[in-house]
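This report refers to the structure that appears directly beneath it.
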Amino acid sequence: MKRLYDLSMQAFELLFPLVGRTNAKLQAMAEGRKGVFGKLAAFKSQHEKVIWFHVASLGEYEQAKPVMAKLKEKSDAAILLTFFSSSGYENVIRKKQPSVDGIFYLPFDTVANGDRFVKAIQPKLALFAKYDIWPNYMKALQKHKVPAYLFSAAFREEQSYFKKDSFLREALKSFSHIFTQNEKSLELLKQIGYQSASFTGDTRFDNVKALSENPQRFPVLEKWIGEQPVLVVGSAWQEDMDCLIPFINKNRKYKYIIAPHEIKSEKMGAWRKAISKQSELYSNFKGDELTKVVIIDNVGMLSSLYQYAEIAYVGGAFGKGLHNILEPIAYGIPVLFGKLKKVGKFPEAAISQKYGCGFEVSGAEDFLNKVMFLQDEEVYKSAQSAAKKMVEENLGSAQKIVDHIMKEIKG
């Protein structure tokens, strides 16, 4: 199986530039990988010591941020960050990241690339977020005796790592230590004989707490909102808007701020036509009081917009997967989200429901019922308290991870 994997990776690397022409995201990934080894060599020439972080996309980057910040405090090494996907890379590269010294696409996981990459940057440490694990890179790190760590790891029984004779299990076991998000993941590791693991929690709690304490302010929106309650919709897909638009058209209590998952003019235009209330794109918005719905047509505002919400709805669950519900919860507000197709992939949803600040909805009618349920003053206050409690009780993961790593490498 490993041989087949290597052949497929080699073929994928060769064919990817051609495939990329059919899709804007794939094209960005192909273009971004051109000349990457030259860029890596230039980066290394400027930094004697390097710590390498790898994340799949934007969600994993949010998990990595607090760990990078803590390591930056403890070490004089430069932080090199790699992404696999364009949705992560293209968003993060747009503005300065305080704890990151260089951002690159990860070359495809071939044997040659893995060895060349590790030789090029000579990392003192390598850290991977969640479960984006590449066997040839792990092999290269082992070969060059670079300690590697996996943090905020979240596993499910059906994953290949836990299937007998899977070559991916060898890659998993090559980590110096694995820090898990939950006890279930720790148990799965023990079942395959991996003992160098500990439960430290989800580092996103540290990240969203920090974001909520210093949000960006938007004076035009603040003046427009006034004293009226706001429902903020984050990372909305079409399936989410099908659920929400009937409520928006009928309900007069709220003003609405909607942040689409993808900034596509035709999609936003269709939503505006379907919404009976006056709406405006944020790029054109001047604060007109008659406007009841503002659609955010840029990237980077969402985590700060939740500060204005009485209630938040986070999209994605009806489709490819739930987006970050911890960001609104960090502001101490209840959050609604669609009925999950793969519950195990998003444990934070079940945790939020257990605490009493997260509410799953199955469709438009259920959404209405849940919002009306939260209109009760005592119910709402209870959900607020639950949100604050959920965040406070899950802080400190990044510190635990960094303390363990520093103790291990110094020992």
Side-chain angles (χ1 to χ4, degrees), residues 5-58 60-61 64-65 67-69 71-72 75-129 132-150 171 174 299:
Y5 172 84
D6 287 340
L7 288 171
S8 65
M9 274 292 163
Q10 291 168 15
F12 192 61
E13 184 176 40
L14 288 171
L15 295 173
F16 196 76
L18 297 175
V19 176
R21 296 174 185 174
T22 65
N23 179 282
K25 284 186 176 181
L26 295 179
Q27 186 173 14
M29 290 171 67
E31 290 294 322
R33 284 175 165 84
K34 288 182 178 178
V36 67
F37 283 107
K39 297 172 187 175
L40 289 166
F43 175 84
K44 176 58 181 173
S45 70
Q46 298 173 18
H47 302 283
E48 181 183 354
K49 298 178 184 177
V50 174
I51 294 175
W52 171 34
F53 276 80
H54 175 68
V55 298
S57 192
L58 197 57
E60 290 78 13
Y61 174 64
K65 281 169 69 176
V67 183
M68 290 190 292
L71 266 179
K72 199 74 171 171
S75 171
D76 59 350
I79 301 291
L80 183 148
L81 173 69
T82 58
F83 282 91
F84 180 79
S85 83
S86 60
S87 57
Y89 177 91
E90 300 298 337
N91 278 298
V92 172
I93 200 71
R94 292 178 183 178
K95 57 183 179 180
K96 175 68 177 174
Q97 304 299 324
S99 299
V100 184
D101 299 287
I103 305 173
F104 304 91
Y105 275 106
L106 184 72
F108 292 112
D109 185 41
T110 65
V111 173
N113 282 348
D115 196 60
R116 187 180 178 186
F117 182 92
V118 175
K119 282 181 178 178
I121 66 171
Q122 301 171 37
K124 302 299 179 184
L125 299 170
L127 296 99
F128 295 70
D132 200 48
I133 304 165
W134 299 100
N136 288 317
Y137 278 95
M138 296 308 300
K139 200 77 173 175
L141 290 168
Q142 274 191 312
K143 175 183 174 182
H144 294 284
K145 297 181 171 56
V146 179
Y149 299 89
L150 181 65
S174 65
V299 175

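Every value quoted in this text rests on a predicted model; they were computed, and no experiment measured them.
Shown here for His54 and Leu106, the closest heavy-atom pair between the two residues is CE1-CD2, 3.5 Å. Considering every non-hydrogen atom in both Pro107 and Val36, the closest pair reads CG-CG1, 3.6 Å. The shortest heavy-atom contact between Ile133 and Ala171 is CG2-CB, 4.2 Å. Shortest non-hydrogen contact noted between Leu141 and Ala148 is CD1-CB, 4.0 Å.
Residues in residues 98-119 take part in these salt bridge (Lys or Arg N to Asp or Glu O under 4.0 Å) pairs, two or more places apart or across chains: Lys72-Asp101, Asp115-Lys119, Asp115-Lys143. Residue pairs meeting the salt bridge (Lys or Arg N to Asp or Glu O under 4.0 Å) criterion with at least one member in residues 7-18, sequence neighbours excluded, do not occur. Residue pairs satisfying the salt bridge (Lys or Arg N to Asp or Glu O under 4.0 Å) criterion with at least one member in residues 88-97, sequence neighbours excluded, are absent. Residue pairs meeting the salt bridge (Lys or Arg N to Asp or Glu O under 4.0 Å) criterion with at least one partner in residues 34-58, sequence neighbours excluded, are Glu31-Lys34, Lys49-Asp76.
To the nearest 0.5 Å, atoms CD1 (Ile93) and CD1 (Ile103) are separated by 4.0 Å. Within the model, atoms CZ of Phe83 and CG of Asp132 stand 11.0 Å from one another, a figure rounded to the nearest 0.5 Å. Summarising the geometry, atom CG belonging to Leu81 is positioned 9.5 Å from atom CZ belonging to Phe104; distances are rounded to the nearest 0.5 Å. Interatomic distance, OH of Tyr149 versus CG of Leu127, reported as 8.0 Å (0.5 Å rounding). A distance of 5.5 Å separates CG in Asn91 from CG in Leu58, rounded to the nearest 0.5 Å. The CD1 atom of Ile79 sits 5.0 Å away from the CZ atom of Phe53 when rounded to the nearest 0.5 Å.
Side-chain contact between Val111 and Lys139 is absent, with no heavy-atom pair separated by less than 4.5 Å. Val100 places a side-chain heavy atom less than 4.5 Å from the side chain of Tyr61.
Centroid-to-centroid, the aromatic rings of Tyr137 and Phe128 stay 6.0 Å apart or farther.
Ring orientation note: the planes of Phe84 and Phe108 are nearly perpendicular, at an angle over 60° on the 30°/60° scale. Ring pair Phe117/Trp52 is tilted by interplanar angle, where 30° to 60° counts as tilted.
Residues that satisfy the side-chain hydrogen bond (donor to acceptor under 3.5 Å, both in side chains) test with Ser57, not counting sequence neighbours, are Ser85, Ser87. Not counting sequence neighbours, Phe37 has no partner by the ring-ring contact (aromatic ring centres under 6.0 Å, His included) test.
A side-chain N or O of Asn136 and one of Asp6 form a donor-acceptor pair less than 3.5 Å apart.
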